[in-house]
Enquirer: 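Mind having a look at this structure? Questions to follow.
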Amino acid sequence: MFKHQTKYFTTPIFYVNDAPHIGHAYTEVAADVLVRWHRAAGVDTRFLTGTDEHGQKILRTAEANGASPKEWVDRLVAQEWRPMLENLNIANDDFIRTTDARHEAGVAKFLQRLYDKGYIYEGEFEALYCVGCEEFKPKSEIVQGAAEFTGHKVCAIHSKPLELLQEKNYFFKMSAFQDRLLELYERRPDFIQPASARNEVIAFVQQDLTDLSISRNTFNWGVPIPWDESHVTYVWFDALLNYITALEYSTSVVGDEPGSVALAKYWPAVHIVGKDILRFHAVIWPAMLMAAELAEPECVFAHGWLLVGGEKMSKSKLTGIAPHEITGTFGVDAFRYYFMRAINFGQDGSFSWEDIAARYQAELANGFGNLVSRVLAMNAKYFDAKQPESGDLTGADKQISELAARVTSLANEHITKYAIHEAIAVVWQLVDVLNGYITEQEPWQLAKDEAQRVRLATVLATATEGLRVLAQLLAPVIPEAAAKLWRSLGAVAVLGELSEQNIAAAGQWHKLPAGTPQEALPALFPRVEMAAGVKK
RNA sequence: GGGGCGUUAGCUCAGCUGGUUAGAGCAGAGGACUCAUAAUCCUUUGGUCGCGGGUUCAAGUCCCGCACGCCCUACCA
């Protein structure tokens with residue numbers, strides 16, 4: 001089921017100048033769910049995220065705020081980005097900053113290597129440059145300015161005047177890798193996922209690649225080019241390298257150089273990215289790795305956009321939403337659950353306050369939360385808050401245990417294909433069926449007849465085992481609620497910490513010994529007054 | 001201009017290599033029950049599968065064209 005011994009997941013590093021919004025949070029949560037699941041399946045899994053801190057745009061905003069660039073990025077990392085990860089319960093192993101010494105050393109080493117191999121050359125470059133985009137603009141994105149910018153050429157995205165830059169630049173010979181890239185896409189159909197993303201990339205690469213300008217010399221906030229310190233590295237070229245510099249690339253084994261084993265152990269990675277930056281990850285990055293004779297990524301998975309009112313969420317249209325707006329109302333687990341469940345991972349998905357409110361109530365509060373409440377309440381009422389001792393299983397009971405096993409197997413299978421939404425949907429079958437099972441078995445009726453004592457115990461033992469399975473299977477998605485449930489079931493004492501459980505074996509039955517004391521548990525997903533959220 | 005993706009019940013979406021009366025969840029309607037977060041369970045209303053052709057014994061599911069939406073890319077200028 002999980003074939004790899006090790007797994008390395010990454011998300012893009014955040015451009016610190018941006019304000020965190022639910023798009024960033026979505027990427028992190030998705031990667032985090034995959035990571036937690038793989039870890040729980042016994043795979044040695046590494047999870048990296050971090051921040052992208054170089055470039056002219058950051059330099060300028062720092063200056064505008066009267067700070068040095070380093071002071072500025074330090075502040076944003078500490079006040080915006082790390083808190084976002086903490087708030088979302090992201091369990092990353094590492095947090096790399098492109099201003100880290102280990103990163104800058106790795107970038108320098110990588111550049112020197114490509115230079116020595118002849119993949120970098122000096123050239124002249126003259127083009128219109130947009131500071132906002134951090135890039136030279138293709139003609140398609142250059143438009144005539146309006147209003148105060150009439151007569152100027154402006155960027156189609158930022159509507160601000162472009163600057164004509166003439167530079168001596170260093171170029172990366174990306175064009176040399178066109179055939180090898182196409183061969184890679186052909187040989188490994190899963191390299192770019194989903195298939196729609198793969199199609200786009202192939203079409204793009206078939207149209208001929210141009211070499212990439214990878215240095216700037218008009219400002220100095222960046223990683224110096226090792227052989228020409230009057231230049232700094234282009235921010236994207238710098239940023240992509242974080243995926244290996246975090247694995248101690250600067251001291252690792254490449255060719256015949258001795259060093260760290262982190263790279264050898266974890267590389268190549270599964271890159272989870274938004275589809276807007278797919279090309280950087282599926283074209284430029286593999287070409288860079290080929291040039292350096294490093295393995296290409298295991299996979300580049302492009303997820304979709306969050307649509308608000310049918311349009312891509314954006315700050316400029318005031319549809320940008322900060323994660324804490326949602327977590328503040330519904331909680332972190334609900335945030336994680338909602339985006340993972342409601343959106344097909346890999347496709348665009350609609351977000352609305354009405355939708356999250358409806359799903360919170362129907363699925364988390366009434367479905368799962370209430371299931372937990374009713375089972376624990378009956379255990380407390382009829383069995384003194386202890387795990388009941390199961391008698392012989394009837395057909396109905398066996399259906400539950402069999403479903404638990406089947407659901408465990410299917411969910412794990414879906415995760416290996418990164419189909420997070422499918423995995424959750426499958427697990428949720430157990431939630432729904434358990435609610436039906438309890439209603440049909442009517443334990444409250446059994447309780448009225450002393451002769452049915454064993455049957456009552458069997459029903460509640462079965463339902464409680466079901467909760468135990470759910471705690472394990474849902475732990476990657478809703479870690480806080482799952483941990484509370486695990487503790488409440490008394491499972492910590494008899495089975496150990498939830499994080500130590502093997503998720504691939506969650507479906508095994510009769511794990512909770514009879515008599516295990518349980519603890520009362522307040523509602524996991526209490527009803528939320530929607531008014532405030534819906535009006536928003 | 002070239003290309004990609006999408007268009008299925010009020011809403012959000014499933015429908016793999018074409019094959020029984022097109023599905024789910026939510027919302028709506030009716031009923032049952034009381035362990036539980038006025039929760040749960042059962043039943044049920046609801047669709048010309050964007051439009052028009054074609055292939056086939058048979059098409060939501062393949063082919064062609066068109067419309068609309070989003071995206072990538074190019075160019076005229």
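Quick note: numbers below take in every heavy atom, side chains included, and nothing from hydrogens, waters or symmetry partners. Chain letters run A, B, ... following the sequence lines, proteins first and then strands; every chain starts at 1. All figures in this text were calculated on a predicted structure; none of them were measured in a lab.
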Enquirer: Please tabulate, one pair per line, all N/O donor-acceptor pairs under 3.5 Å involving side-chain atoms of residues 479-487 of chain A, not counting sequence neighbours.
Expert:
residue: A/E480; atom: OE2; partner: A/N89; partner atom: ND2; Å: 2.9
residue: A/W486; atom: NE1; partner: A/G496; partner atom: O; Å: 2.8

Enquirer: Would the A/F280 and A/H271 ring centres measure less than 6.0 Å apart?
Expert: no
Enquirer: Looking at A/R527, does any N or O in its side chain come under 4.0 Å of the phosphate oxygens OP1/OP2 on B/rA39?
Expert: yes
Enquirer: According to salt bridge (Lys or Arg N to Asp or Glu O under 4.0 Å), who are the partners of A/E422, at least two apart in sequence or on a separate chain?
Expert: none
Enquirer: Could you check whether A/T27 and A/T11, counting side-chain N and O atoms only, form a donor-acceptor pair closer than 3.5 Å?
Expert: no
Enquirer: Which residues in residues 421-448 of chain A have a heavy atom closer than 4.0 Å to any atom of RNA chain B?
Expert: A/D432, A/N435, A/G436, A/T439, A/W444, A/Q445
Enquirer: By the 4.0 Å heavy-atom rule, please label A/R359 as base, sugar-phosphate, or nothing.
Expert: nothing
Enquirer: Tell me, which of residues 367-399 of chain A have any heavy atom that sits under 4.0 Å from an atom in RNA chain B?
Expert: A/G369, A/N370, A/S373, A/R374, A/A377, A/M378, A/K381, A/Y382
Enquirer: In terms of the angle between their ring planes, are A/F9 and A/Y418 parallel, tilted or perpendicular, with boundaries placed at 30° and 60°?
Expert: perpendicular
Enquirer: Please determine whether salt bridge (Lys or Arg N to Asp or Glu O under 4.0 Å) holds for the pair A/R341 and A/E363, giving the CA-CA distance in whole Å, both sets of side-chain angles, and the decisive distance to 0.1 Å.
Expert: CA-CA 10 Å; A/R341 173 68 193 272; A/E363 296 168 18; 3.7 Å; yes
Enquirer: Enumerate all atom pairs, one protein N or O and one N or O from nucleotides 2-6 of chain B, separated by less than 3.5 Å.
Expert:
residue: B/rC5; atom: OP1; partner: A/N199; partner atom: ND2; Å: 3.4

Enquirer: Would you mind listing every salt bridge (Lys or Arg N to Asp or Glu O under 4.0 Å) that reaches into residues 396-406 of chain A, with sequence neighbours excluded?
Expert: A/D397-A/R455
Enquirer: Can you name the residues that form a salt bridge (Lys or Arg N to Asp or Glu O under 4.0 Å) with A/E200, not counting sequence neighbours?
Expert: none
Enquirer: Does one side chain, of A/Y26 or A/H21, offer a donor that lies under 3.5 Å from an acceptor on the other?
Expert: no
Enquirer: Would you jot down, in residue-number order, the residues of residues 181-194 of chain A having a non-hydrogen atom under 4.0 Å from RNA chain B?
Expert: none
Enquirer: Give me the residues of residues 337-350 of chain A where at least one heavy atom lies under 4.0 Å from an atom of RNA chain B, by number, or none.
Expert: A/N344, A/Q347, A/S350
Enquirer: For RNA chain B, which consecutive runs of 3 or more Watson-Crick or G-U pairs (each distance under 3.5 Å) count as stems?
Expert: B:1-7 with B:67-73, B:10-13 with B:23-26, B:28-32 with B:40-44, B:50-54 with B:62-66
Enquirer: Do A/F345 and A/F339 make the cut of ring centroids closer than 6.0 angstrom?
Expert: no
Enquirer: Below 4.0 angstrom, N of the basic side chain to O of the carboxylate: do A/K386 and A/D384 qualify?
Expert: yes
Enquirer: Sorted by first residue and then second, give each salt bridge (Lys or Arg N to Asp or Glu O under 4.0 Å) pair with at least one member in residues 174-184 of chain A; sequence neighbours left out.
Expert: A/E183-A/R187
Enquirer: Per the side-chain hydrogen bond (donor to acceptor under 3.5 Å, both in side chains) rule, what does the pair list look like for residues 512-522 of chain A, sequence neighbours excluded?
Expert: A/N379-A/Q518, A/Q387-A/Q518
Enquirer: Could you give the CD-to-P distance, from A/E354 to B/rG10, as a whole number of Å?
Expert: 19 Å
Enquirer: I need the CG-P distance between A/L307 and B/rU7, as an integer number of Å.
Expert: 14 Å
Enquirer: Take atom CD of A/E363 and atom P of B/rA39, then tell me their distance rounded to the nearest Å.
Expert: 15 Å
